[in-house]
Asker: 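Here it is: the structure, laid out below.
The residues of the chain are indexed from 1 along the displayed sequence. Remember, predicted model here, so these are calculated numbers, not experimental data.
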Amino acid sequence: MAIKISVLFLLSFLANISFCQTEVQRKYSIGEPNELLKFVTSSGQADSIFTQFHSKSIYYDVYLDTPDKLLLKRGLSLRFRKRIIDSIAEPSYSFQLKSEMLSANMARMEVEEKELSFYLLKSEFGWISMTSVLDSIFHPLEKGSVDLSSTALNKQLLMIELWIQFKAGGAVSPFQKLLNNGFLLDDIKQIKPVIYGKSIRYRSHVYSNVANELVSEKNRIRQNELPVYFQENDGSNWLLESSFDLSTFYKINEPLRVISITEFEVENKFFKVEEASKVLSIFEKYLEEKFDVTVKLDSKYKQAATFFE
């Protein structure tokens, strides 16, 4: 099994369009992943910056591309995702198009479609919701019994291909974004599943004391929209959200090919992006000293696709 280890820092903010998000992203390789995971799960403190470990989530992803890797070549990734959070009973689903970073401070585009249960796919037994098909595709990953040669799995993946061919020119946000950015309709119709896998994510809030002068004022997020921790701890100022991911990906139709990727993400939650960037820089310096991090840019998809090539 090949292993790639990296640390990913995300500084994100919402764009005006509801389905489109822009991220300013930084990514690093890390020399001490086990120690960093201990730091995350123990709610470690980085000088005047505090962390609070709050949940463990599981993500199941299937990445898509054309046979000639047109999305990869144009610096994009496209995936279906199922997300399970240990504190929430029902899973969530999404269909996401994201751009790659070319530099540490580059804005990263994301277009997302969340209401996947409304889409119906035709099977030999009739019409089935997209989420049910994704559940079936991800079931082997959930049970730890991946068989990429399975007839049932390949039928389900074919249903995804046929849906893409049918919806390529329709009102599906990622497809519309591709069409608006130079992709031909025939390009989109060739998109199909190429890689899939599972990620275990450990999430933490990153915050300071309200009286601390790291930022000029308290976050303006509405009280009822704050995580429970900050509703109950009014003296804590929510600035960032961090995630530590342990991922395993398989190349579809090549059952012996597998790659493991470890990443750490930090996402801005403070309304003043420039001030949040300064906090991130302080946090970053601490992690450089403690966990030997160095700059890295590639997304999970690009890392996996490059490895499989």
Side-chain angles (χ1 to χ4, degrees), residues 6-30 36 39-40 43-54 75-77 96-112 177 201 203-227 229-231 233-245 263-299:
S6 63
V7 177
L8 171 65
F9 290 97
L10 298 177
L11 183 62
S12 67
F13 55 94
L14 292 177
N16 292 329
I17 303 174
S18 61
F19 61 80
C20 186
Q21 176 174 316
T22 304
E23 297 174 336
V24 179
Q25 183 186 50
R26 300 178 189 175
K27 186 185 299 243
Y28 302 81
S29 296
I30 180 170
L36 178 56
F39 173 82
V40 170
S43 299
Q45 180 178 347
D47 298 325
S48 57
I49 298 173
F50 301 88
T51 73
Q52 189 259 331
F53 174 62
H54 62 82
L76 299 168
S77 63
Q96 299 172 319
L97 175 70
K98 301 184 78 171
S99 63
E100 289 286 338
M101 287 195 312
L102 299 179
S103 65
N105 295 313
M106 176 183 174
R108 191 180 186 197
M109 173 274 297
E110 178 179 335
V111 175
E112 184 172 38
K177 187 67 174 179
R201 174 168 288 184
R203 293 183 64 82
S204 295
H205 302 309
V206 181
Y207 65 96
S208 68
N209 294 325
V210 171
N212 192 293
E213 295 182 355
L214 278 173
V215 293
S216 59
E217 58 187 294
K218 190 173 181 181
N219 208 335
R220 292 183 180 177
I221 296 175
R222 294 176 182 175
Q223 184 71 12
N224 64 350
E225 294 178 355
L226 284 168
Y229 181 83
F230 297 100
Q231 293 181 30
N233 294 272
D234 193 54
S236 298
N237 199 3
W238 192 27
L239 304 176
L240 310 166
E241 187 75 9
S242 75
S243 306
F244 187 101
D245 289 0
E263 292 183 340
F264 185 60
E265 302 179 3
V266 178
E267 179 183 358
N268 175 41
K269 294 299 179 181
F270 193 65
F271 70 102
K272 291 186 176 181
V273 176
E274 288 187 5
E275 293 191 20
S277 297
K278 293 178 182 178
V279 175
L280 176 56
S281 295
I282 296 170
F283 194 36
E284 174 183 314
K285 183 178 180 181
Y286 177 87
L287 295 171
E288 286 174 344
E289 294 173 352
K290 296 293 182 180
F291 308 111
D292 188 26
V293 301
T294 54
V295 174
K296 187 178 180 67
L297 300 175
D298 295 347
S299 68

Asker: Mind checking the CD-CG spacing from E267 to L239? Nearest 0.5 Å is all I need.
Answerer: 13.0 Å
Asker: Are the side chains of H205 and K269 in contact, using a 4.5 Å heavy-atom criterion?
Answerer: no
Asker: If you measure from CG on L287 to OG on S242, what distance do you get to the nearest 0.5 Å?
Answerer: 9.0 Å
Asker: Could you tell me which non-hydrogen atom of V40 sits nearest to which non-hydrogen atom of F53, and how far apart they are?
Answerer: O-CB, 3.2 Å
Asker: Who are the side chain to side chain donor-acceptor pair (under 3.5 Å) partners of S77, not counting sequence neighbours?
Answerer: none
Asker: Answer yes or no: is there a side-chain heavy-atom contact under 4.5 Å between M101 and D298?
Answerer: no
Asker: First locate atom CD1 of I49, then atom CD of E284, and finally report the distance between them rounded to the nearest 0.5 Å.
Answerer: 11.0 Å
Asker: Using 30° and 60° as the class limits, which term best fits the ring planes of F39 and Y286: parallel, tilted or perpendicular?
Answerer: tilted
Asker: Can you find a pair of side-chain heavy atoms, one from V206 and one from F50, that are under 4.5 Å apart?
Answerer: no
Asker: With distance as the sole test, does N219 use its side chain to make a donor-acceptor pair with the main-chain N or O of N237 at under 3.5 Å?
Answerer: no
Asker: Could you walk me through whether W238 and I221 pass the side-chain contact (heavy atoms from CB on, under 4.5 Å) check?
Answerer: CA-CA 9 Å; W238 192 27; I221 296 175; 3.7 Å; yes
Asker: Less than 4.5 Å apart, side chain to side chain, heavy atoms only: is that true for L36 and I30?
Answerer: yes
Asker: What residues, two or more places apart in sequence or in another chain, satisfy salt bridge (charged side-chain N to carboxylate O under 4.0 Å, His left out) together with R203?
Answerer: E241
Asker: D245 versus E265: any side-chain heavy-atom pair under 4.5 Å?
Answerer: yes
Asker: Step by step, would you call K98 with E112 a salt bridge (Lys or Arg N to Asp or Glu O under 4.0 Å)?
Answerer: CA-CA 9 Å; K98 301 184 78 171; E112 184 172 38; over 6 Å; no
Asker: Run Q223 and Q231 through side chain to side chain donor-acceptor pair (under 3.5 Å) and show every step you take.
Answerer: CA-CA 6 Å; Q223 184 71 12; Q231 293 181 30; 5.3 Å; no
Asker: Would you call T51 and F283 a side-chain contact if the rule is heavy atoms closer than 4.5 Å?
Answerer: yes
Asker: Anything under 3.5 Å between a donor and an acceptor, one on a side chain of residues 207-218, the other on a protein residue two or more places apart or in another chain? List them.
Answerer:
{"unit_1": "Y207", "atom_1": "OH", "unit_2": "Y229", "atom_2": "OH", "d": "2.9"}
{"unit_1": "N212", "atom_1": "OD1", "unit_2": "L214", "atom_2": "N", "d": "2.9"}
{"unit_1": "S216", "atom_1": "OG", "unit_2": "K272", "atom_2": "NZ", "d": "3.2"}
{"unit_1": "S216", "atom_1": "OG", "unit_2": "E275", "atom_2": "OE1", "d": "3.3"}
{"unit_1": "S216", "atom_1": "OG", "unit_2": "E275", "atom_2": "OE2", "d": "2.8"}
{"unit_1": "E217", "atom_1": "OE1", "unit_2": "R220", "atom_2": "NE", "d": "3.3"}
{"unit_1": "E217", "atom_1": "OE1", "unit_2": "R220", "atom_2": "NH2", "d": "3.2"}
{"unit_1": "E217", "atom_1": "OE2", "unit_2": "K272", "atom_2": "NZ", "d": "2.9"}
{"unit_1": "K218", "atom_1": "NZ", "unit_2": "D234", "atom_2": "O", "d": "3.0"}
{"unit_1": "K218", "atom_1": "NZ", "unit_2": "D234", "atom_2": "OD1", "d": "2.5"}

Asker: Side chain to side chain donor-acceptor pair (under 3.5 Å) with N233: which residues, sequence neighbours excluded?
Answerer: none
Asker: Kindly write out the residues that satisfy ring-ring contact (aromatic ring centres under 6.0 Å, His included) with F270, not counting sequence neighbours, or none if the list is empty.
Answerer: none
Asker: Roughly how far, to the nearest 0.5 Å, is the CD atom of E274 from the OG atom of S277?
Answerer: 7.0 Å
Asker: What pairs with Q52 under side chain to side chain donor-acceptor pair (under 3.5 Å), at least two apart in sequence or on another chain?
Answerer: none
Asker: Nearest 0.5 Å, please: how far is CG in D47 from CD1 in I282?
Answerer: 8.5 Å
